[in-house]
Amino acid sequence: MNVAIYVKLVISGLALGSFYAIIALGFSMIFGVTRVFNLAHGELLLIAGYSAYAAWKTWGINFWLTIPIAILVLLAVGIVLYKVLSSIDEPLELNTIVFTFGLALFFQNLMLILFSANYRILSSPQWTKTLQVFGATITSGSLTLLTTSLLAVLILYFIFRHTFWGKILRATIQDREAARLLGINVNNTVILAFLSGMALVGLAGPFFASFHYIYPAGGMEATLIAIIITIVAGVGHVRAIIWAGWGIGIVENLVTGILGAAYREGITAIILIMILLYKPYALSNSQ
Amino acid sequence: MIVVTLTARMQRHLYIKTGIISIAGIFLLFLPQIIPGSNYFLQILTTCFLYATLALSWNLLAYSGKISLGHAAFFGVGAYGSSLVALNFDINPLLSIWCGGCFAAILACTGGFLFSRLKGAYFALTTLALVEIPKMIIENWETLTRGSLGLLNIPPLRIASTIAQSYLPTYFINLGVLMLVFLFLTLIFSSRWGWAINALRQDEKVSFSLGINATFYHVTTMTVSGFIAGVCGAIYAHSVGIIEPSMVFSIHYSALPMVMSLFGGRSTIVGPIVGAFILFSIDQLAFQAILPIGHQILYGLAIMVTILYMPDGIMGLANREHLWHYSRQKK
């Protein structure tokens, strides 16, 4: 293989990685404020993807218009989900992980009933244009993915670091009780953060449906990746999340490019196990 | 040396329970003679036995305080191990299913050793990821396993006096394995080993101070649990005849034992069996007819309802007295 292929793999890895960063940011916000290990995260992504696909298929609208639809759908799901999740008993971590595992199963079968097991893709003609960078061909699709994700992450970074609400949010993630003592309305912050996390997944959904073939059982890998990135980066650390996202994206692309696609899921799983063995209590206490 | 003695009441309870189960077992043993006509009903029961055994193996691990989200790993390794042994060495499936169990036990032992210091949700996450590793190996080792094409013509289970193409041998073997596992677990739970893992679940730190070797007990529990799940996978492979990686390593076989145990009641020994019988019957008799695809939505619903409304499951609703007490402390 020559250098051009590696350049291509790395650049599309960066695009993939920024996309993973958005998914992981959603996971990390939800986990940060509610301590819920959301194993149905990938399924939520698929729901966003499928609703974008359905809107595109029935009304024939532009790709960009499907994003607000997906976000709205996920916000609706998020409100119901928040109500249900907040009524789960102690021990919270274990119960929520089992609960959301059931939820993942529920969503998978629901999508199977609604959309059948066929592979679907929201095809958008503008993604296939190509341009040359260092002798490697890059599709405009991965470039759009890269810029959109970076933009979203930058906006979030700004909100987290330079606004009052971001400060409140970080305080709530770090220590809920202390935040309450300081007069922060913790409940509102938690709901708002939860819904922002859902909206991020809603943003990622149409891209997911547009760059991958989606099928009902395809959510678990996204969940595992979101968990890996969250564990590596820590909860609510936006900059670390984008670094970790890029790392995972590039590793995945290189593995797929060199070993073949059959190894990708296995490698993701091995990375997760290694990280958990190396940092066993990474998320157990406030950061 | 700690000598564990059962109180008279517990002893009586144990005898009654074992008695009832034995009578039920004998009844089920003669059921095919009583209703020879209803094929479909017996087929459902056959699968119920298999899933009940799988649920018992999951519950054994849960009894030691660890929630597994990846029993499909052991199930799949058992299925592939047994089929490959039977196909390549021309061994009777009745023997090869135990080989399948041993392969799964090796995986479980390795996993148990590596993951022994992880707790709660983190252990659950590793088991979830663990499924992908044997799946990846089997999918890519094409010279041995034919990769994602799967294995064909796996020899069916046979008992000498029965006709080859009947479901009856599988019925008796599944029932036999279920009874064996159930009796084994009943004995184990009242032994020193059972008390040790019970203590580990309730409070790991206090058990350390009592001199319980946590790593040893976690590894052995996981090995036994993996072995049973592997045998279930092997039986499944031989009764279906065709397997492929995405089938036996599917999330379905991680979810089923968990759902059935939780729904039936993980805090009792009969719970998983009750859960398997109720849920699988509802699935086959009602959901299968209404929703031909996606009928497994039932299992997702069952997990959610159980966690929200009845943490001790059906058996927990029935008798609150004889529950194993799960500690409900925060971390």
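Hydrogens, waters and symmetry mates play no part in the numbers below; they use all other heavy atoms, side chains included. Just so it is clear: chains get the letters A, B, ... in the order the sequence lines come, proteins before strands, and each one is counted from 1.
For chain A, no part of L298(B) is nearby; none of its heavy atoms comes within less than 4.5 Å. For I297(B), the parts sitting under 4.5 Å from any heavy atom of chain A are the backbone and the side chain alike. The contact between E139(B) and chain A is made entirely by side chain atoms (from C-beta outward), counting heavy-atom distances below 4.5 Å. Only the side chain of L224(A) comes within contact range of chain B, judged by heavy atoms closer than 4.5 Å. Residue M111(A): no heavy atom, backbone or side chain, is found under 4.5 Å from chain B. Heavy atoms closer than 4.5 Å to chain B are found nowhere in L114(A), neither backbone nor side chain. In this structure, no portion of I137(B) lies under 4.5 Å from any heavy atom of chain A.
Within the 4.5 Å cutoff, side-chain heavy atoms of L277(A) are placed close to those of F115(B). Using a 4.5 Å cut-off on side-chain heavy atoms (C-beta onward), Q296(B) and L112(A) make no contact. A 4.5 Å side-chain heavy-atom check between Q108(A) and I251(B) finds at least one atom pair inside the cut-off. Side-chain contact between L125(B) and I97(A) is present, with heavy atoms from C-beta onward closer than 4.5 Å.
Among A255(B), G300(B), A124(B), A302(B), the residue with the largest count of heavy-atom pairs under 4.5 Å with chain A is G300(B). Considering only heavy-atom pairs separated by less than 4.5 Å from chain A, the leading option among N140(B), T126(B), L308(B) is N140(B). Top candidate by heavy-atom pairs under 4.5 Å with chain A, chosen from I67(B), I133(B), L69(B), is L69(B).
Closest of all the heavy-atom pairs between L94(A) and A121(B) is CD1-N, 3.5 Å. The shortest heavy-atom contact between I267(A) and M136(B) is N-SD, 4.0 Å. Summarising the geometry of M220(A) relative to L128(B), their closest heavy-atom pair is SD-CD2, 4.1 Å, with the distance given to 0.1 Å. Of all heavy-atom pairs between A129(B) and A269(A), the closest is O-CB, 3.2 Å.
Here the straight-line distance linking atom OH of Y122(B) with atom CD1 of I275(A) works out to 13.0 Å at 0.5 Å rounding.
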Given side chain to side chain contact (heavy atoms under 4.5 Å, CB included), test E132(B) with L272(A) step by step and report yes or no.
-> CA-CA 11 Å; E132(B) 298 294 335; L272(A) 177 60; over 6 Å; no
Side chain to side chain contact (heavy atoms under 4.5 Å, CB included) between F106(A) and L301(B), worked out | CA-CA 6 Å; F106(A) 174 77; L301(B) 281 173; 3.6 Å; yes
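Other residues, nucleotides and ligands place more than 12 heavy atoms under 6.0 Å from the CZ atom of F107(A).
Annotation: Y299(B) is not in aromatic contact with F101(A) [ring centroid separation under 6.0 Å not met].
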